[in-house]
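Here is the structure we will look at, set down as structure tokens.
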Amino acid sequence: MNYVEDTIAAISTPPGRGGIGIIRISGKESIAIANKIFCMANGRLGDFVLKMPSHTIKYGFIRDLESGEILDECMLTRMDAPNTYTREDIIEINCHGSYAVLRRVLELVFRMGARCAEPGEFTKRAFLNGRIDLSEAEAVIDLINSHTEEARKAAIEQLGGRLSKQIERIRQGLVSVLAEIEVNIDYPEYESELVTADVTMKTLNNVINELEELSKSYRQGRLIREGLKITIAGKPNVGKSSLMNALAGYNRAIVSNIPGTTRDTIEEYIEIDGIPVILTDTAGIRETEDVIEQIGVKKAEEKIQEADIVIYMIDSTEPDIDEKILSINKPLIVVLNKIDIEENYLEDLVKKLRDYDVIETSLTEDIGIKEVFGRIKKYFSEEKIGINTENIITNVRHKNLIDKSLASLKKAVENYNTGMPLDIIAFDIWNGVNTLGEITGASVNEEVLDNIFSRFCLGK
Amino acid sequence: MVNRKGTKLRFIAGEYDVAVIGAGHAGCEAALACAKLGVKTVIFAMNLDSIANMACNPSIGGSAKGQLVREIDALGGAMAKIVDKTAIQIRMLNKGKGPAVQSLRAQIDRRKYQQEMKHVLELTENLDLKQAEIVDIETVEEDGIRRVTHVVTHTGAVYKCKAAIVCTGTFLNGRIIIGDVSYQSGPDGLFPSIRLSDTLRNLGFELIRLKTGTPARVNRRSIDFSNMVPQPGDDEVVPFSFETEVLEIEQVPCWLTHTNIKTKEIILKNIHRSPMYNGTIEGVGPRYCPSLEDKMVRFSDKDRHQVFVEPMGANTEEMYLQGMSSSLPEDVQMEFMRSVEGLENVSVMRPAYAIEYDAIDARVLKLTLESRIVDGLYFAGQINGSSGYEEAAAQGLVAGINCALKLLGKEPLIIDRSEAYIGVLIDDLVTRGTREPYRMMTSASEYRLLLRQDNADERLTEKGYKVGLISEERYAKFKEKYRLVKEELERLSKTHVSPTPSVIEYMEKIGSTPLKSGASLEELLRRPEVEYEDVLKIEELNLKDKGLDYVRRTLPKSVIEQVCINVKYSGYIKLQLQQVEQFRKLEKKLLPEDIDYNEISNLSLEAREKLSKVRPASIGQASRILGVSPADITALYIYLTKRKE
Ligand SMILES: Nc1nc2c(ncn2[C@@H]2O[C@H](COP(=O)(O)OP(=O)(O)OP(=O)(O)O)[C@@H](O)[C@H]2O)c(=O)[nH]1
Ligand SMILES: [Mg+2]
């Protein structure tokens with residue numbers, strides 16, 4: 001049972017590629033949360049949201065506090081309670097970027113303290129706070145119930161099989177840890193082969209590792225749903241469009257020896273061994289007077305930000321390297337092209353790039369393309385992108401619950417290490433198990449008791 | 001009643017406001033609360049020499065139960081004070097596991113406890129004690145409400161009363177089973193209460209059958225302690241009652257020995273003679289205290305089980321064998337006991353037995369412990385499905401208080417789950433019911449870090465005072481204690497020290513990372529390795545280094561304890577308080593008593609049935625009923641809103 005009146009958030013426009021999306025946040029903390037992530041173009045923070053009046057709109061940017069990265073430009077609407085749909089404080093963030101950007105902003109909002117809204121939860125709050133009148137209410141509530149039911153079914157289906165088994169197994173491990181602790185508390189005189197604290201902590205650490213893998217797998221789950229985003233970037237005329245065509249298997253992009261041929265980004269869906277990939281060819285990056293090309297360059301930079309893998313292409317007959325692309329913090333494949341041309345800086349480049357994942361190609365001679373395919377597959381299956389876990393989390397609600405549970409369990413281990421007493425350590429483990437229980441809807445309390453009585457021989 | 005000539009005996013013997021049926025741990029607290037609150041009360045015992053009898057362990061307290069006793073005391077109940085007077089050993093359990101799970105446990109001089117409690121009852125204004133079995137509770141229905149009018153004794157004496165509190169413990173339709181032998185009986189060789197079961201059934205109460213058991217009592221002189229491990233009490237005793245300032249007792253040890261492979265063989269060889277395994281016993285026994293034969297069967301891989309040998313009192317050689325409860329035949333009991341180290345020549349004074357008794361399904365009760373079937377009829381203790389003296393006393397106190405408040409026309413006292421274990425206990429019993437005797441455990445509480453034994457007064461004494469069970473004098477002392485706590489907390493947060501040489505030196509000495517810049521005393525105390533004494537020392541050193549005078553503050557120990565816990569656990573206390581705030585929101589959404597759950601169309605069928613049975617007081621309570629889903633709760637919300645319009 002969870003009627004916690006905390007702050008909730010969700011994307012309130014139906015998901016679809018491109019277009020504008022709205023993130024709606026409702027609850028006590030919504031203004032504070034928005035205030036933490038809303039900034040001006042130069043990244044300057046300044047309590048802009050706190051200062052803005054109710055029912056007004058402000059233009060600005062969303063910034064990830066931790067990485068300092070600007071995620072998107074947006075229009076932010078602030079509406080103070082009670083004159084809002086839910087009768088709570090509401091913030092709406094109108095994002096301009098793609099669905100992927102929207103998701104990142106939403107995840108940022110979660111990290112700042114909001115919880116993922118259940119289907120129909122905004123409406124439910126509107127009703128519970130007396131915003132919707134009675135005639136509406138009954139109809140709405142049936143709808144909510146059916147939504148919740150559908151969502152629950154969907155979640156269970158998604159949970160079905162291996163994933164639910166894995167979560168259940170993790171939970172049972174925790175329940176037995178709790179039983180261990182609780183029997184220690186409620187039957188202090190009971191001596192038995194009480195498992196030592198070290199063993200309990202080891203179980204806890206194993207659980208933490210497993211949950212961490214699961215949490216990371218959410219990203220992989222997202223890749224499976226939405227496709228792996230690969231952006232080919234580099235200077236003009238290095239052969240980006242040629243690579244795009246080679247990977248796509250047909251002439252998707254125009255290739256010419258005129259630098260600046262590609263002026264807008266070009267996307268193509270391909271599959272590599274069953275992995276859906278969104279391949280993006282971009283305009284070559286350079287200083288230019290051409291307004292249209294300028295826009296193209298800007299877009300190329302955005303696409304680099306959005307990508308899961310960046311292929312940075314270099315013409316091996318040129319000596320220059322773009323350090324900015326190299327410093328990007330995501331999987332990077334460096335392709336040295338045109339190795340068929342005798343006069344090149346290959347040796348020099350390879351030396352400079354020895355810390356990077358480098359492939360030498362000649363697209364005109366059909367050299368190295370297989371290696372590019374192979375490298376992409378490797379990135380996907382290796383931990384560099386996803387994580388090798390038996391299961392993949394695709395539901396954002398599950399991910400949030402797992403992350404919340406993880407935070408509690410980590411706190412428990414930390415408290416154990418700093419010598420806090422058992423009651424405090426137990427507190428965080430209970431919270432951790434309860435949170436995990438919300439995924440499957442199990443009542444932990446009864447289970448712990450059952451576990452105690454079936455494992456420990458107590459009596460008078 | 002029918003006399004020998006066949007005529008019905010019936011005479012009016014007296015008139016009271018409240019009749020308390022049963023003088024065990026629940027009945028005594030109930031009667032005392034009623035009488036002290038000014039309603040004329042009578043309490044009936046099957047035998048006046050068995051008032052507040054400990055039919056099982058000669059011990060009070062233990063994990064969670066110790067908290068209950070402290071809460072009873074904080075509210076103005078009697079148990080803790082009598083424990084302090086009659087304890088022969090006191091220990092604080094779970095000392096190293098954090099303040100939230102520490103609990104007091106005492107070995108009690110059983111006879112002395114009975115005498116003390118009896119005397120307290122005798123001395124109480126507005127209270128009469130009578131030895132009689134109550135066989136009938138008479139009621140009348142007016143304006144659709146059935147209420148209590150009389151209680152009737154086995155001799156035909158009729159007492160007029162406005163309310164009654166039923167505290168029959170294990171007496172109600174009691175049956176003792178020892179192997180192949182079984183007979184109607186109350187505990188400890190006392191008469192059972194047989195006819196009241198029919199009365200309750202006829203009134204419409206659903207009765208369930210429960211079972212519990214107790215081990216043998218043996219003569220100390222026949223025990224060889226040389227190879228047993230002594231279990232001493234604490235060097236420094238913490239009293240049970242907040243009003244007991246110092247307590248010195250002559251501590252008597254308990255002893256620890258173990259069963260062995262031979263014990264196991266004897267039991268397994270005779271298991272077919274166990275009434276548990278041949279079907280004689282129908283009652284449901286508690287999982288948390290299985291009989292020895294139960295342990296042998298369920299934990300067949302274990303060859304050793306603990307046996308604690310506990311004294312029954314200071315003026316008796318009787319010892320209680322904790323861990324050896326059994327319903328095997330007496331001859332088997334003798335055989336297996338003698339297989340245990342130290343018990344080779346044991347002389348049994350009372351054999352172990354199992355006892356079955358009637359209880360009600362407590363889901364018929366309100367949170368005040370008044371039944372919804374009969375107005376003014378309250379229930380407390382084992383009849384509600386609980387087990388344990390402490391659980392019984394807690395319910396007795398709450399039933400007594402509410403019964404008196406109702407007769408006085410005042411608002412009831414309801415203690416919720418976030419305020420006390422008493423609240424958890426009662427809410428669990430009346431909301432979820434129970435199939436086995438319910439034992440209080442700390443894990444049953446969602447707010448364990450708040451429900452500590454050390455702060456029971458802070459949680460409940462205000463309530464006890466408002467109700468009228470706490471004297472002005474005690475209340476003033478209580479206020480003063482927490483005024484000092486508040487003052488000291490403020491002082492600690494406002495007083496700053498700087499890293500002067502002797503401060504740094506001292507901190508190094510106690511293994512705490514020395515300060516680099518100024519810090520408040522509160523910040524220092526928050527460090528796990530820094531004790532309150534250290535903080536004062538650092539303050540003193542700092543002042544001296546600065547050439548200033550230091551005046552040491554002397555605060556009572558109980559104040560320092562609160563200050564330390566509040567500082568050291570402040571983060572966690574805050575988190576729990578937030579959880580409590582969420583919890584309260586739902587508890588405050590009250591459900592009217594007259595709801596017809598069958599008319600709420602959005603409710604699931606199961607929810608309708610369960611809600612009609614429990615009739616929860618609030619949405620919060622409804623949400624804890626087994627079988628009521630979140631969707632049902634939403635439906636209840638709508639219904640409530642609709643009603644308001
Ligand atoms: N010799 C040689 N020429 C190549 C190779 N790959 C591409 N080219 C040629 O290089 C020229 C540029 O190729 P594109 O694929 O259009 O280059 P681009 O990076 O997309 O260029 P922009 O769109 O202008 O940024 C074309 O004439 C290609 O035929 C190669 O491996 N060897
Ligand atoms: Mg191109």
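Lettering of chains follows the sequences in order, A, B, ..., and the numbering in each one begins at 1.
Of the two parts of Glu581(B), only the side chain, counted from C-beta on, holds a non-hydrogen atom closer than 4.5 Å to a non-hydrogen atom of chain A. Heavy-atom distances place no part of Glu529(B) under 4.5 Å from chain A, backbone and side chain included. Proximity to chain A (any heavy atom under 4.5 Å) is shown, for Phe583(B), by neither the backbone nor the side chain.
With sequence neighbours excluded, the residues that form a side-chain hydrogen bond (donor to acceptor under 3.5 Å, both in side chains) with Tyr416(A) are Asp198(A). Partners of Lys411(A) under the salt bridge (charged side-chain N to carboxylate O under 4.0 Å, His left out) rule, at least two apart in sequence or in another chain, are Glu414(A).
When atom types are taken as modelled, the side chain of Asp186(A) and the backbone of Thr442(B) share a donor-acceptor pair closer than 3.5 angstrom.
Glu293(B) and Ser327(B) form a side-chain donor-acceptor contact under 3.5 Å, judged by distance and modelled atom types alone. A donor-acceptor contact closer than 3.5 angstrom links the side chains of Ser26(A) and Thr86(A).
When each of Met54(B), Lys65(B), Glu310(B) is checked for a side chain to side chain contact (heavy atoms under 4.5 Å, CB included) with Ser59(B), only Glu310(B) meets the rule.
Side-chain contact between Leu211(A) and Ser405(A) is present, with heavy atoms from C-beta onward closer than 4.5 Å.
Proximity to chain A among residues 99-107 of chain B is limited to Pro99(B), Ala100(B), Val101(B), judged by heavy-atom separations below 4.5 angstrom.
With chain B as the partner, the residue from Leu422(A), Ile424(A), Asp423(A) showing the most heavy-atom pairs under 4.5 Å is Asp423(A). Residue with the most contacts toward chain A among Lys568(B), Gln231(B), Gln579(B): Gln579(B) (heavy-atom pairs, distance under 4.5 Å).
Applying the salt bridge (charged side-chain N to carboxylate O under 4.0 Å, His left out) rule to pairs touching residues 92-104 of chain B yields Lys95(B)-Asp234(B), sequence neighbours excluded.
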